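Just so you know, these numbers come straight off a predicted model, no measurement behind them. Below, all heavy atoms of this structure are taken into account, side chains as well, without hydrogens, waters or symmetry copies.
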Amino acid sequence: KMNFVNPKVGASLAVATSGRKVAMSGAKPLAITDCLNYANPENPEIMWQFMMGCEGIKDACKELNTPVVSGNVSLYNDSDGINIHPTPAIVCVGVNENKNLPSIFKSGVSVYLVGETNGVFAGSLYQTVINNELGGELPEIDFEKEKALWDLIISQNKDDNLEFANSVGIGGIAITLAKMAAVSNIAGEFKTNFENENFIFDESFSRAIIGVKDEEKFKKEALNLGLKVVKLGVSGGDKFILDDMSFSIDKLREIYFKTLEKLI
């Protein structure tokens, strides 16, 4: 099922997400290129999706100062009469004048969540797996908060106050933390205190998982930028614990690295 009220927000989100991933390395996002993949534009609904996607990209690029410098369009995409979902693929490039931040854990580091968790499940991995559907209405993106998050990471990296940084995306903080643990072979114990237990899979925008050295310095700048920060715990050990969920690091790595092979 596909029932997004407005694909414009989805396209804006693709721009914001690609820029956020660049910023998580400590680099300043500068420009994007796009590949706009849609179904048959002779269908008025598909043409509307394409138009709204272009509008969403334009708005996001203007607000985030990441102009489109190249791109292409692929139309008439379907399989056995089933249209693909509107898919604006975005690549962002930037420049890092300081060290490149890794996106995986280092042991013994304070781990923070930056950004607000508001219960956004429209079009989410959680919705797809649990409800077997894909739909709902995405909220508008707060571009000021998005840009503030980028500025925080770039500034703190310049001051050598970060050990790692990673954007929160598909699957929410649960999947982000689990991936970081699996790839680094370093676990950790984390607590969210969310009002609803499934919020660990929430896909609210403009969020990141950050490894911090000087916590007070980090929190002070985040506050000045109007960003919410919450300490989740500390990385390290061989047990991955998130709220009431627990895995050994070996089991987590087996799921992450071996599942595709088993399915094939």
Side-chain angles (χ1 to χ4, degrees), residues 1-14 16-18 20-21 37 39 45 49 53 56 78-80 82-90 103 111 113-142 166-183 187-209 228 230 232-233 239-264:
K1 299 177 183 178
M2 185 71 177
N3 186 34
F4 285 116
V5 172
N6 195 338
K8 179 179 178 180
V9 178
S12 291
L13 179 60
T17 300
S18 64
R20 191 183 322 129
K21 289 183 178 297
N37 306 282
E45 181 179 0
Q49 291 175 349
D78 60 57
S79 179
D80 296 327
I82 300 174
N83 293 328
I84 67 163
H85 297 318
T87 309
I90 308 293
S103 60
V111 178
L113 170 65
V114 182
E116 299 180 11
T117 301
N118 300 311
V120 176
F121 289 99
S124 67
L125 178 64
Y126 180 89
Q127 182 192 63
T128 303
V129 173
I130 301 300
N131 299 329
N132 192 31
E133 63 180 22
L134 190 63
E137 184 172 2
L138 294 168
E140 293 293 327
I141 300 174
D142 187 331
N166 201 356
S167 172
V168 177
I170 295 173
I173 70 166
I175 298 300
T176 302
L177 289 169
K179 284 182 177 180
M180 294 172 75
V183 176
E189 186 170 346
F190 310 106
K191 185 71 175 176
T192 65
N193 294 312
F194 288 149
E195 57 182 280
N196 296 313
E197 62 180 12
N198 66 346
F199 275 23
I200 60 173
F201 300 107
D202 155 276
E203 295 184 12
S204 293
F205 312 149
S206 308
R207 295 184 301 161
I209 301 294
K228 180 181 179 181
V230 176
L232 297 176
K239 195 79 170 178
F240 179 84
I241 300 172
L242 175 59
D243 293 344
D244 296 329
M245 185 170 58
S246 177
F247 292 93
S248 70
I249 190 66
D250 291 339
K251 180 62 176 178
L252 194 63
R253 285 170 61 81
E254 179 185 350
I255 294 170
Y256 185 74
F257 289 110
K258 299 294 184 180
T259 298
L260 179 60
E261 180 181 342
K262 291 178 181 178
L263 290 173
I264 292 175

Backbone N/O of [Y] and side chain of [X]: donor-acceptor pair under 3.5 Å:
X	Y	answer
Glu203	Gly171	yes
Arg20	Ser167	no
Ser79	Ile82	no
Ser204	Thr117	no
Asn37	Thr87	yes
Asn166	Ala208	no
Thr128	Ser124	yes

Lys251 atom NZ, neighbour heavy-atom count above 12 within 6.0 Å: no
| request: Could you tell me whether Asn196 atom CG has more than 12 heavy atoms of other residues or ligands within 6.0 Å of it? | output: yes
So [Y] and [X], do their side chains get closer than 4.5 Å, heavy atoms only?
X	Y	value
Glu189	Lys239	no
Phe190	Ile173	no
Phe201	Ile130	no
Leu138	Phe205	yes
Leu242	Thr192	yes
Asp243	Glu197	no
Ile84	Asp78	no

Where [X] and [Y] come nearest, the two heavy atoms and their spacing:
X	Y	answer
Gly53	Ala11	O-CB, 3.2 Å
Ile200	Phe194	N-CD1, 3.9 Å
His85	Leu134	NE2-CD2, 3.5 Å
Ser246	Ile241	OG-CG1, 3.8 Å
Ala187	Ala181	CA-CB, 4.2 Å
Ile90	Ala14	CG1-CB, 3.6 Å

To the nearest 0.5 Å, what is the distance between [atom1] on [X] and [atom2] on [Y]?
X	Y	atom1	atom2	result
Glu261	Leu263	CD	CG	10.0 Å
Asn83	Glu45	CG	CD	8.5 Å
Ile209	Leu177	CD1	CG	4.5 Å

Check ion pair Glu254-Lys262 (N to O, under 4.0 angstrom) = yes
* Asked: Is Arg207 salt-bridged to Asp202, cutoff N-O under 4.0 Å?
  -> yes
Step-by-step side-chain contact (heavy atoms from CB on, under 4.5 Å) determination, Leu113 to Val168:
CA-CA 9 Å; Leu113 170 65; Val168 177; 4.2 Å; yes
| said: For Tyr126 together with Phe121, are the ring centres under 6.0 Å from each other? | reply: yes
